Trainee: 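After the structure tokens below, expect a handful of questions from me.
As a basis for the values below, the full set of heavy atoms in this structure was taken, side chains included, without hydrogen atoms, waters or symmetry mates. By convention in this document, chain letters (A, B, ...) are assigned in the order of the sequence lines, proteins followed by strands, and residues within each chain are numbered from 1. Because the structure is predicted, anything quoted here is derived from the model rather than measured.
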Protein chains: 2
Amino acid sequence: MTAGVPIFSPGASEDLLSGGRSLRRALAEQPYHMVERDAVIVAADDRDPPVVQIHRGMAYRSFTLADGRRAIVDILIPGDIVGVDHAVLGRANHDIVATGRMGYRALSAATARELMTDPQIAIRALALIGEARWRADRHITAITRLDAHGRIGAFLLGIYERLRRRDLIARPTFNLPLTQEQMADHLGLTLVHVNRTLRRLRGERLALIDRQVVIILDIDGLHGLVRGLPEPSYLPEPWMGENSDWPASELPATAVLR
Amino acid sequence: MTAGVPIFSPGASEDLLSGGRSLRRALAEQPYHMVERDAVIVAADDRDPPVVQIHRGMAYRSFTLADGRRAIVDILIPGDIVGVDHAVLGRANHDIVATGRMGYRALSAATARELMTDPQIAIRALALIGEARWRADRHITAITRLDAHGRIGAFLLGIYERLRRRDLIARPTFNLPLTQEQMADHLGLTLVHVNRTLRRLRGERLALIDRQVVIILDIDGLHGLVRGLPEPSYLPEPWMGENSDWPASELPATAVLR
DNA sequence: CGGCGGATTGAAGGGAATCAATGCTTGTGG
DNA sequence: CCACAAGCATTGATTCCCTTCAATCCGCCG
């Protein structure tokens with residue numbers, strides 16, 4: 001650990017990078033799991049749920065209301081590490097579900113707790129939850145103040161940005177393994193209205209969504225729909241350390257994090 | 001710090017409590033600030049914003065879209081500590097604004113970074129952001145799948161629970177220093193519809209909201225509106241350490257954390 | 001007393017939900 | 001190899017919750 005009483009004027013960048021490496025190394029030692037669509041990786045009432053890193057495919061975090069309605073609060077893409085807070089809180093309280101064939105590694109809560117005693121890793125964990133909360137904030141802003149048109153635009157741009165930033169894609173085309181019903185549960189709309197809106201985006205030549213393939217035709221146009229929504233670009237550089245270790249993937253075949 | 005290779009089977013409770021104490025102690029040494037309504041404590045583009053602890057009154061975190069529309073993503077009550085992630089991320093990206101006369105203490109980002117090298121404090125910080133993200137998740141669920149009626153019910157219950165848990169109130173009556181417009185910006189509704197819905201709650205004898213005083217008349221009835229929404233009751237016990245140091249406050253006069 | 005911000009209330013329009021069919025793909029079995 | 005089932009996507013018709021527009025009211029303060 002950093003000795004003495006370090007004062008990082010320029011920020012905690014070094015610790016962030018180093019902690020990120022340690023965390024990823026620990027995860028890399030864990031067995032690789034492969035599951036099918038709708039597999040529940042973590043259930044809401046699991047005790048001491050593990051920390052999970054997505055490697056291939058996507059997953060979502062969701063809550064299910066008593067009447068069966070569901071809210072998908074976050075989408076997880078390859079490279080995302082979720083649940084570092086589980087180690088502290090002891091309960092996830094939400095489900096984590098695969099949206100399709102998905103590969104991941106998991107770190108037990110106990111192991112995660114041990115790792116957290118390393119300040120660098122703790123800092124990194126802090127940044128990880130911070131990023132998740134940032135996504136949550138952006139999402140809240142979108143569904144609070146944008147209509148269906150804007151929400152879907154924000155959603156597509158958000159996923160696109162995240163994939164690109166992680167070097168999982170290079171062009172504005174990617175695989176999105178979600179049904180329209182899942183998008184609806186994420187955006188606070190109905191399946192029917194999501195469908196109509198996607199079709200409308202197509203008509204406006206902003207984006208094409210066919211089956212599970214998204215092709216963004218007019219990025220600037222889409223940005224126009226979500227003007228003023230917090231820009232993800234604020235994410236600090238150290239963030240980038242998340243990839244670079246791994247080769248970039250491409251297009252329609254679901255992005256893969258090795 | 002905890003020596004050796006500690007394995008907390010029962011969880012990180014001790015560290016959480018100890019870290020919480022240290023953090024609060026550090027905050028207690030900072031000067032007390034008092035501001036008026038609409039004062040901006042942290043602006044979206046501030047560099048290295050401080051960690052803030054609310055002592056008296058309430059505040060909110062918000063994003064403002066390009067066209068001026070606003071989304072209030074979180075409400076902060078006395079005792080809440082926000083921005084521990086600022087120390088790591090270096091940017092808040094959202095505004096933190098007082099909803100009325102408000103008292104708080106602030107810890108500079110640099111000092112906060114120093115504190116984070118203490119694993120116990122880091123664990124506590126992790127729990128703090130975890131709690132914030134939990135609130136965000138609950139809120140997303142509410143605005144994604146509940147109508148105006150349910151959203152307001154969930155909102156009132158949520159604030160009530162938080163105040164009660166922190167021993168700031170003992171009965172289902174409290175001061176809520178928010179205008180209907182602010183509630184609207186928080187719940188994704190319009191001021192007009194918030195007004196109608198509050199009035200409807202009154203008609204149903206579920207809750208009375210007059211001026212800034214909330215009186216919950218039928219807690220079970222309100223719970224019926226939000227059936228299935230994640231229960232805040234899951235928050236771990238160590239949490240409770242947040243208060244107990246301070247005497248409880250009461251009623252219409254805004255709750256105060258000493 | 002006049003003015004101002006917030007709260008209320010009415011009327012009309014619109015975006016999204018709901019209800020209901022009908023395509024389209026893919027996987028399975030005869 | 002084709003029929004068939006199942007799940008998802010698509011589309012039309014209708015309903016309704018919420019927004020928008022517009023006044024009016026009310027409590028507070030200089």
Trainee: Would you jot down, in residue-number order, the residues of residues 189-203 of chain A having a non-hydrogen atom under 4.0 Å from DNA chain C?
Mentor: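 DNA chain C contact set from residues 189-203 of chain A: A/Leu189, A/Thr190, A/Val192, A/His193, A/Arg196.
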
Trainee: Salt bridge check: are A/Asp210 and A/Arg202 linked by an N-O gap of less than 4.0 Å?
Mentor: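 Salt bridge absent between A/Asp210 and A/Arg202.
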
Trainee: Rounded to whole Å, how long is the line connecting atom CD of A/Gln182 with atom P of D/dC8?
Mentor: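 In whole Å, D/dC8 P and A/Gln182 CD are 8 Å from each other.
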
Trainee: Tell me: CZ of B/Arg211 to P of C/dG5, nearest whole Å?
Mentor: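 Taking atom P of C/dG5 as the reference, CZ of B/Arg211 is at 16 Å.
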
Trainee: Would you say a side-chain N or O of A/Gln180 is under 4.0 Å from OP1 or OP2 of D/dT10?
Mentor: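 Checking D/dT10 against A/Gln180, a side-chain N or O does come within under 4.0 Å of OP1 or OP2.
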
Trainee: Rounded off to whole Å, could you give me the CG-to-C1' distance for the A/Leu187 and C/dA17 pair?
Mentor: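 Rounding to the nearest Å, CG of A/Leu187 and C1' of C/dA17 are 15 Å apart.
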
Trainee: For the residue pair B/Phe174 and B/Tyr160, does the interplanar ring angle fall in the parallel (under 30°), tilted (30 to 60°) or perpendicular (over 60°) class?
Mentor: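 Ring orientation of B/Phe174 relative to B/Tyr160: parallel.
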
Trainee: Let's go through B/His186 and B/Tyr60 carefully: what are the C-alpha distance in whole Å and the side-chain angles of both, what is the deciding distance for side chain to side chain contact (heavy atoms under 4.5 Å, CB included) to 0.1 Å, and is it a yes or a no?
Mentor: CA-CA 9 Å; B/His186 183 50; B/Tyr60 60 82; over 6 Å; no

Trainee: Please give, in whole Å, the distance from C/dA16 C1' to A/Leu146 CG?
Mentor: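 My rounded result for the distance is 15 Å.
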
Trainee: Check the distance between D/dC8's P and A/Ile209's CD1 and give it to me in whole angstrom.
Mentor: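 In whole Å, D/dC8 P lies 18 Å from A/Ile209 CD1.
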
Trainee: Without decimals, in angstroms, what is the distance between A/Gln212 CD and D/dA9 C1'?
Mentor: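 Nearest whole value for this atom pair: 12 Å.
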
Trainee: Step by step, would you call A/Leu76 with A/Val52 a side chain to side chain contact (heavy atoms under 4.5 Å, CB included)?
Mentor: CA-CA 10 Å; A/Leu76 307 172; A/Val52 173; over 6 Å; no

Trainee: Applying side chain to side chain contact (heavy atoms under 4.5 Å, CB included) to B/Ile75 and B/Phe155, what does each step give before you reach the verdict?
Mentor: CA-CA 10 Å; B/Ile75 305 291; B/Phe155 171 65; 4.0 Å; yes

Trainee: Roughly, in whole Å, what's the span from CE in A/Met183 to P in D/dC8?
Mentor: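 After rounding, the reported distance stands at 12 Å.
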
Trainee: In terms of side-chain geometry, is the basic nitrogen of A/Asp95 or A/Arg70 positioned less than 4.0 Å from the acidic oxygen of its partner?
Mentor: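 No, no charged N to carboxylate O under 4.0 Å.
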
Trainee: Does a side-chain N or O from A/Arg37 land closer than 4.0 Å to OP1 or OP2 of D/dC8, or not?
Mentor: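 Yes.
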
Trainee: Calculate the interatomic distance between A/Arg69 atom CZ and C/dA17 atom P; express it in whole Å.
Mentor: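 The answer, rounded to whole Å, is 11 Å.
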
